[in-house]
Amino acid sequence: MTQTSEQGGRTRIERYDPASIEPRWQARWAELGLYRTDLHDRERPRFYLLTMYPYPSGDIHIGHWYIITPTDAIARFHRMHGENVFLPIGFDAFGLPAENAAIKNNINPRDWTMRNIDNMRRQLRSMGATFDWDSEVVTADPEYYRWNQWFFLQFLKAGLAYRTTSAVDWCPNDGTLAREQVEGVDRHCWRCGAKVEKRDLAQWYLKVTNYADELLDFSGLQWPEPIKTQQTNWIGRSEGAEVVFETASSPHHPGGSPLRVFTTRPDTLFGATFMVLAPEHPLVAELTAPDRLAEVGAYLAQAANRTEIDRLSTDREKTGVALGAEAINPVNGERIPIFVADYVLGSYGTGAIMAVPAHDERDYAFAEKFGLPIRRVVAAPGDEDRPLEGAYVAHAAGERLVDSGPYSGQAADEAGRAIVAELASRGAGKAAVTYRLRDWLVSRQRYWGAPIPVIYCDRDGIVPVPEEDLPVRLPDAVDYRGSGENPLGRDEAFLNVTCPRCGGPARRETDTMDTFVDSSWYWFRYLSPEKAGAPIERALVDEWTPVDQYTGGSEHAVMHLLYAREWTKMMRDIGLVAQDEPFKRLFNQGQILGLDGERMSKSRGNVVDPDDLVARYGADTIRLFLMFMGPWDQGGPWSPTGIGGVHRFLNRVWTLALDPHGSDPGDKDAGHLPEGQGAAEAEAALRSAAHRTLRGVTADYESFHFNTMVAKLMELSNTLFRYRGTEIAGGAAWNEAIRILLLTLAPAAPHITEELWSRARAARGETWSSIHTATWPDVDASAVVEATREVPVQVNGKLRDLVVVPTETSDAELERLVLAAPKVAAALAGRTPRRVVIAGGGRLVNLVVG
RNA sequence: GCCGGAGUGGCGGAACGGCAGACGCAGCCGACUUAAAAUCGGCAGCCCGCAAGGGCGUGAGGGUUCGACUCCCUCCUCCGGUACCA
């Protein structure tokens with residue numbers, strides 16, 4: 001019941017006090033299990049809404065709210081449309097920050113993490129978010145990571161996991177990194193910022209390159225274009241040819257070793273004047289002439305440290321040394337010198353290139369520096385004899401080959417295909433495709449992760465841990481303080497095992513898994529977090545996934561979002577799921593930055609604590625403010641100015657709902673309808689405003705335009721205020737408008753709307769039912785149309801007048817009315833329009849004169 | 001360099017090719033108050049003008065169109081990604 005008190009001679013309603021409303025409803029919703037999803041419900045349409053689970057860094061900061069609030073509003077919006085919405089939450093609980101914080105504070109990472117999770121659970125609840133807590137997943141739980149290990153064993157069996165030694169990116173603090181975890185021009189670690197080095201290590205990989213082509217296919221996915229582009233670029237598919245050059249015989253080498261190169265420009269093969277091997281290329285040692293050994297050896301040593309030495313120069317001068325060997329160009333038999341140079345990467349293509357300086361900028365720079373011949377073999381029409389001033393790489397229409405033996409004069413693209421065909425017929429080459437994408441390196445030399453479940457036995461080699469022995473538990477009492485070695489290797493009890501195959505002494509793998517393994521399948525586990533015997537409940541997975549809508553930041557474009565796709569495909573290939581893709585629709589919200597415009601982080605000291613804000617304004621205000629700030633995909637620096645305006649809006653909603661007849665002494669027109677409006681016109685105008693708002697707001701929720709959604713509701717409340725205290729206040733049209741206002745505001749500001757809704761129902765003598773289970777209202781299209789409308793009139797594209805006409809006005813009549821308007825006549829100054837444009841069904845008139 | 005995204009009042013930001021600046025913040029004026037806060041109403045892009053009114057305005061310059069913040073071309077600035085990928 002509305003409580004009122006007499007004060008100063010006028011009626012005053014109880015103040016809007018979120019602190020007394022919000023915890024009460026949160027408790028009630030939890031008690032009623034309002035957001036617990038019945039996953040087995042077959043009646044209603046299912047909607048799986050997923051938001052990227054948080055890393056339990058301790059406090060939830062305003063950035064988490066920025067991600068979660070609109071997601072929660074989407075969930076509520078869908079529920080009000082009769083859908084069975086599943087919105088789970090969990091914690092990405094393994095990872096380096098926990099381990100580092102634990103080291104720093106001398107506390108066990110598990111304790112640190114679990115304490116943080118408790119705090120975050122409390123904070124998430126204080127937002128009024130409708131997570132289904134029964135589905136919670138914590139990845140550091142042995143009952144979760146045992147399935148990481150199980151997956152790993154299945155992938156091993158299927159040939160999708162393998163161990164190999166190669167040069168890996170290595171951070172002195174964090175150990176091995178996947179390639180996408182190395183950032184920036186200076187190649188620093190994504191977590192600690194330290195310089196990343198190269199090391200030769202035996203590590204575990206997942207064979208995700210199997211899926212390169214499939215990953216390029218986004219058909220059927222509603223994903224933001226920029227993410228698709230980023231993944232496409234990351235995968236980096238290049239079409240071209242593989243060409244085999246034989247090595248020439250020389251005093252130190254019998255020759256004949258095939259050197260395979262990848263090129264995207266087979267049409268330039270006649271322009272190859274030298275060849276370059278990457279320092280890591282296996283044939284470097286074999287091909288080096290005895291008198292070149294010292295110099296080549298020195299160069300290789302230097303190249304190994306290159307990333308540290310010259311890291312800052314992007315367009316660094318080319319370096320390299322000749323091996324003293326030659327290769328034979330398969331198309332013309334020409335002998336060309338072989339170099340080793342670090343501008344050729346060992347990890348891309350074949351680790352060797354044919355250098356065509358005339359048509360490649362890097363080769364050109366190298367040739368210039370080492371005085372090697374530069375031979376033009378492609379020319380745009382008329383350029384055949386023009387000397388080159390740099391590499392000619394552009395493609396011009398009508399390009400033809402020159403100086404290319406039998407191919408001279410042919411169109412370049414055609415000649416390229418012909419050359420590949422010729423090479424193929426002689427077994428000296430073939431069309432080929434190369435990718436930039438590498439296999440996923442999952443080994444990590446850290447403590448706080450899922451142990452990789454393999455055992456090394458001197459007799460049996462690599463032995464998988466038997467499935468019945470899973471999980472391989474992470475021991476608690478390990479000295480996890482880093483010193484460059486694997487913490488698990490220091491735990492004798494963990495390390496030493498008997499070989500499951502021969503029973504002899506053996507050692508466990510001491511690496512743990514990349515935490516992106518955890519996040520590559522967590523949304524499947526949400527559906528059956530307690531399930532024993534299998535990682536997923538197949539029946540539920542088939543019904544509920546792929547996820548209908550995923551929300552989260554774009555910083556994971558080529559990390560989590562790519563891994564999750566890869567993992568899903570691997571799961572499919574070992575028969576676990578039927579789907580090809582994990583997430584049907586993806587939305588990337590922007591990132592909220594600190595006041596200083598920098599990323600929020602504890603170390604920068606620019607973290608905004610939502611607890612303080614909630615204490616001051618209440619959760620609804622903060623939720624609404626975050627949605628109102630700007631477009632959700634944009635983010636931006638945090639600025640609290642403006643919270644007051646949103647809080648004021650909620651106060652106004654409160655006042656409108658509880659005190660329609662009240663008035664304020666400051667309002668000169670209090671109690672009077674706007675001039676020229678009778679009660680009927682006023683009600684029609686109010687209904688029109690309410691239904692127009694409903695239509696707009698519904699569309700805004702659907703398209704995630706939350707800022708304009710809030711703006712439209714503010715407009716409606718402003719309109720309502722104009723009628724407050726008048727004869728139509730509290731009437732049918734008024735109540736309908738209030739009802740629409742509360743229902744459409746409910747997903748965004750769930751507490752105040754629940755409170756006002758329940759009071760209104762009580763006042764009408766109805767039993768309680770939650771606004772959040774109410775049905776979304778329908779637009780009454782007939783109410784939207786008003787009797788008259790305003791038509792802007794332009795003369796030569798410039799606005800000259802606004803003419804009010806009846807809504808149903810024919811174009812001819814409209815033209816007549818417009819030309820008769822005095823201001824229009826004045827603007828025309830006696831001229832007769834040469835043309836009258838009536839745009840968009842009479843929305844605007846443009847008179848063209850002169 | 002390459003690939004994305006973005007440039008609109010003092011600020012955050014609106015605007016199916018059709019009234020640029022909705023909504024809000026900050027600001028100013030007024031009402032209420034002994035007063036202040038809170039609340040309510042109003043003004044408000046810039047320039048000229050007492051006003052009526054006019055001119056100029058969406059990073060810069062061109063173009064298409066009756067009409068361009070919106071589409072096309074060239075360029076500038078900022079943000080994100082990437083880094084010799086042959």
Side-chain angles (χ1 to χ4, degrees), chain A residues 8 15 180 183-187 224-230 232-234 236 238 240 261-265 268 276 314-316 318 341-345 347-356 359-363 365-366 434-437 554-555 557-558 590-591 593 597 625 628-631 633-637 639-646 648-649 651-652 655 663-670 705 707-715 718 721-722 724 790-802 826 833-840 843-849:
Chain A
R15 277 185 56 236
E180 44 278 21
E183 294 182 335
V185 194
D186 59 341
R187 299 181 50 79
E225 286 306 321
I227 297 286
K228 293 196 278 187
T229 310
Q230 254 187 85
T232 302
N233 292 342
W234 186 263
S238 292
V261 303
F262 174 73
T263 177
T264 54
R265 296 291 305 276
T268 63
V276 186
T314 335
D315 46 1
R316 198 179 86 218
K318 297 277 178 285
D342 67 358
Y343 83 90
V344 172
L345 306 176
S347 51
Y348 182 79
T350 61
I353 62 159
M354 64 175 206
V356 184
H359 303 292
D360 182 283
E361 278 166 17
R362 297 151 302 180
D363 297 344
F366 192 87
T434 301
Y435 302 88
R436 216 183 80 115
L437 180 74
S554 58
E555 66 272 19
V558 293
Q591 202 169 44
L593 308 169
F625 175 63
F628 184 58
M629 273 174 53
D633 56 2
Q634 211 168 285
S639 162
T641 53
I643 296 183
V646 172
R648 218 162 0 246
F649 163 63
N651 265 303
R652 283 161 73 86
T655 304
S663 64
D664 272 274
D667 184 357
K668 292 187 292 280
D669 300 318
H705 292 144
N707 56 330
T708 51
M709 177 273 288
V710 177
K712 287 182 177 98
L713 292 177
M714 285 174 166
E715 269 181 275
N718 290 343
F721 250 83
R722 274 206 284 288
R724 180 168 174 250
E790 230 178 22
V791 179
V793 182
Q794 298 176 336
V795 175
N796 283 346
K798 292 203 172 196
L799 182 73
R800 294 301 175 191
D801 197 9
L802 295 169
R834 173 158 57 85
R835 190 174 157 192
V836 178
V837 180
I838 298 181
R843 272 207 325 279
L844 171 141
V845 177
N846 189 16
L847 306 172
V848 187
V849 295

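Residue numbering restarts at 1 for every chain, and letters A, B, ... go by the order of the sequence lines.
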*Considering the options Val848(A), Val849(A), Val845(A), which one meets the side-chain contact (heavy atoms from CB on, under 4.5 Å) requirement together with Val795(A)?*
Val849(A)
*Could you work out the separation of A44(B) and A51(B) based on their P atoms and round it to a whole Å?*
12 Å
*Which part of the nucleic acid, if any, lies within reach of Lys712(A) when heavy atoms closer than 4.0 Å are counted: base, sugar-phosphate only, or nothing?*
nothing
*In whole Å, what separates the P atom of G61(B) from that of G9(B)?*
15 Å
_For a quick test of reading the model: is some side-chain N or O of Thr708(A) closer than 4.0 Å to OP1 or OP2 of A15(B)?_
no
*Could you check whether Val837(A) gets within reach of a base, just the sugar-phosphate, or nothing at all, counting any heavy atom under 4.0 Å?*
base
*Could you tell me whether the side chain of Lys318(A) has a donor or acceptor atom within less than 3.5 Å of a complementary atom in the base of C84(B)?*
yes
_Pairwise P distance for G18(B) and C47(B), with rounding to whole Å_ = 29 Å
*asked:* Between G13(B) and A20(B), how many Å separate the two C1' atoms, rounded to a whole number?
replied: 13 Å
*Using only side-chain N and O atoms of Arg834(A), determine if any of them is under 4.0 Å from OP1 or OP2 of C66(B).*
no
*Just checking, Lys318(A) and Tyr343(A): is the charged tip under 6.0 Å from the six-membered ring centre and within 45° of the axis?*
yes
*According to a strict under-4.0 Å criterion, is Asn718(A) in side-chain N/O contact with OP1 or OP2 of G24(B)?*
yes
*asked:* What is the separation between atom CG on Leu799(A) and atom C1' on C19(B), rounded to the nearest whole Å?
replied: 5 Å
_For a quick test of reading the model: is some side-chain N or O of Arg436(A) closer than 4.0 Å to OP1 or OP2 of C84(B)?_
no
*Pick base, sugar-phosphate or nothing for Ser639(A), based on heavy-atom distances below 4.0 Å to the nucleic acid.*
nothing
*Hey, is the side chain of Gln230(A) poking within less than 4.0 Å of OP1 or OP2 on U82(B), counting only N and O atoms?*
no
*Roughly how far apart, to the nearest Å, are G63(B) and C69(B) at atom P?*
15 Å
Nucleotides 48-53 of chain B: which of its N/O atoms have a protein N/O under 3.5 Å away?
none

*Using the P atom on both, measure C25(B) against U39(B) and round to a whole Å.*
10 Å
*Given G13(B), C23(B), C3(B), which nucleotide is nearest the side-chain atoms of Met714(A)?*
C23(B)
*Can you label the angle between the Phe262(A) ring and the Tyr348(A) ring as parallel, tilted or perpendicular, going by 30° and 60°?*
perpendicular
*asked:* Starting the side chain at C-beta, find the nucleotide from G24(B), A86(B), C3(B) nearest to Phe262(A).
replied: A86(B)
*asked:* By the 4.0 Å heavy-atom rule, please label Asn796(A) as base, sugar-phosphate, or nothing.
replied: nothing
*asked:* With heavy-atom distances below 4.5 Å as the criterion, would you say the side chains of Thr263(A) and Met354(A) are in contact?
replied: yes
*asked:* Measuring only the C1' atom in each nucleotide, how far is G81(B) from G12(B)? A whole number of Å is fine.
replied: 26 Å
*Write down the partner of C28(B) under the Watson-Crick or G-U wobble criteria, each distance required to be under 3.5 Å.*
G42(B)
